[in-house]
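Here's the structure we're looking at; comments come further down.
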Amino acid sequence: MASRLLWASRAASYLRISPFQRGFASVVKDLKYADTHEWAKIDGTSATIGITDHAQDHLGDVVYVELPAVGVAVEQGKCFGAVESVKATSDINSPVTGEVVEVNTELDGSPGLVNGSPYDKGWIMKVQMKNPGELNNLMDSEQYVKFCEEEDAKH
């Protein structure tokens with residue numbers, strides 16, 4: 001085992017790549033983050049919501065996304081759907097309270113967009129927020145990075 005690791009390390013050094021897993025997934029600066037690894041992009045009283053790169057990285061290849069129905073009420077911190085991957089199924093919680101005004105139907109046929117583009121093409125739903133003051137309960141990018149580093153250190 002040690003000889004394989006040494007060989008991989010030397011090969012990686014020769015190829016100028018890191019033999020170790022990346023330290024942390026990407027985080028977008030202007031988003032808000034929940035401690036359950038959902039993000040919210042705020043535009044006035046509208047929020048576009050998805051799961052973070054950190055979450056999708058831990059889940060592995062996403063094979064199915066359970067989307068809420070348009071018009072459904074969602075509540076901050078409460079489950080509105082699920083993401084199923086080759087490793088596990090995980091609930092998705094809403095980072096804000098409000099009404100679902102749009103869902104990303106592209107995920108029905110291409111759930112892998114959550115892996116390949118979690119902050120862009122892999123968004124899950126758009127919510128008309130009921131209480132924008134709830135955003136104070138969410139983390140900014142720096143707080144989220146620290147939160148994830150601490151969480152990963154525990155495992």
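One-based numbering along the sequence shown.
Linking ILVMFWY residues whenever their side-chain heavy atoms come closer than 4.5 Å, directly or via other members, leaves Tyr119 and Leu67 in distinct clusters. Tyr33 and Val114 are not part of a single hydrophobic cluster, where members link through side-chain heavy atoms under 4.5 Å apart. The hydrophobic cluster containing Leu31 does not contain Val83, counting ILVMFWY residues as joined when their side-chain heavy atoms lie under 4.5 angstrom apart, directly or transitively. In the hydrophobic clustering of ILVMFWY residues, with side-chain heavy atoms under 4.5 Å counting as a link, Phe147 and Val27 come out together. No continuous path of hydrophobic side-chain contacts links Val101 to Trp39 [ILVMFWY only; heavy atoms under 4.5 Å].
Counting heavy atoms from C-beta on, the side chains of Lys146 and Glu142 never come closer than 4.5 Å. In this structure, the side chains of Thr89 and Glu66 stay at 4.5 Å or more apart for every pair of heavy atoms. In this structure the side chain of Tyr144 reaches within 4.5 angstrom of the side chain of His37, judged on heavy atoms.
Minimum interatomic distance between Thr52 and Glu38 (heavy atoms only, all atoms of both residues): CG2-C, 4.0 Å. Closest approach of Val28 and Ser141 over heavy atoms only: O-CB, 3.7 Å. Scanning both residues, Ser85 and Gly60, for their nearest heavy atoms gives CB-O, 4.0 Å. The two residues Tyr64 and Pro111 have their closest heavy-atom pair at N-CB, 3.8 Å. Across Asn115 and Val62, no two heavy atoms sit closer than the pair OD1-N, 2.7 Å. Minimum interatomic distance between Pro68 and Val100 (heavy atoms only, all atoms of both residues): CG-CG2, 4.2 Å.
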For this session: Decide yes or no on side-chain hydrogen bond (donor to acceptor under 3.5 Å, both in side chains) for Asp152 and His58, but give the supporting numbers first.
Result: CA-CA 10 Å; Asp152 285 351; His58 280 29; 3.3 Å; yes

Exercise. What's the verdict on side-chain contact (heavy atoms from CB on, under 4.5 Å) for Met129 and Ile42, showing C-alpha distance, side-chain angles and the deciding distance?
Worked result: CA-CA 9 Å; Met129 292 186 292; Ile42 309 305; 3.9 Å; yes

Exercise. Stepwise, does the side-chain contact (heavy atoms from CB on, under 4.5 Å) test hold for Ile51 with Leu59?
Worked result: CA-CA 11 Å; Ile51 67 167; Leu59 282 168; 4.0 Å; yes

For this session: Might you work through the side-chain contact (heavy atoms from CB on, under 4.5 Å) test for Glu151 and Asp35, ending with a clear yes or no?
Result: CA-CA 10 Å; Glu151 188 178 68; Asp35 61 4; over 6 Å; no

For this session: Would you check, one step at a time, whether the test side-chain contact (heavy atoms from CB on, under 4.5 Å) holds for Met125 with Ile92?
Result: CA-CA 11 Å; Met125 68 176 178; Ile92 314 169; over 6 Å; no

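One distance of note links OG of Ser94 with NZ of Lys78; it measures 11.5 Å at 0.5 Å rounding. We find the NZ-CD1 distance between Lys41 and Ile49 to be 13.0 Å, quoted to the nearest 0.5 Å. Distance check, rounded to the nearest 0.5 Å: CZ of Phe80 to CG of Asn93 gives 8.0 Å. Taking OG1 of Thr97 as the start and CD of Glu75 as the end, the distance is 5.0 Å to the nearest 0.5 Å. Between the CH2 atom in Trp123 and the CG atom in Leu113 there is a gap of 11.0 Å [rounded to 0.5 Å]. In this structure, OG on Ser117 lies 10.0 Å from CD on Gln56, to the nearest 0.5 angstrom.
Counting non-hydrogen atoms of neighbouring residues, nucleotides and ligands closer than 6.0 angstrom, the CD atom of Glu106 reaches no more than 12 such neighbours.
Using a 3.5 Å distance cut-off with no hydrogens or angles, the side chains of Ser26 and Asp53 do pair a donor with an acceptor.
Remark: side-chain polar atoms of Asp61 are not paired, donor with acceptor, to backbone N or O of Gly112 under 3.5 angstrom. Looking only at distances, a side-chain donor or acceptor of Gln76 sits under 3.5 Å from a matching main-chain atom of Glu134.
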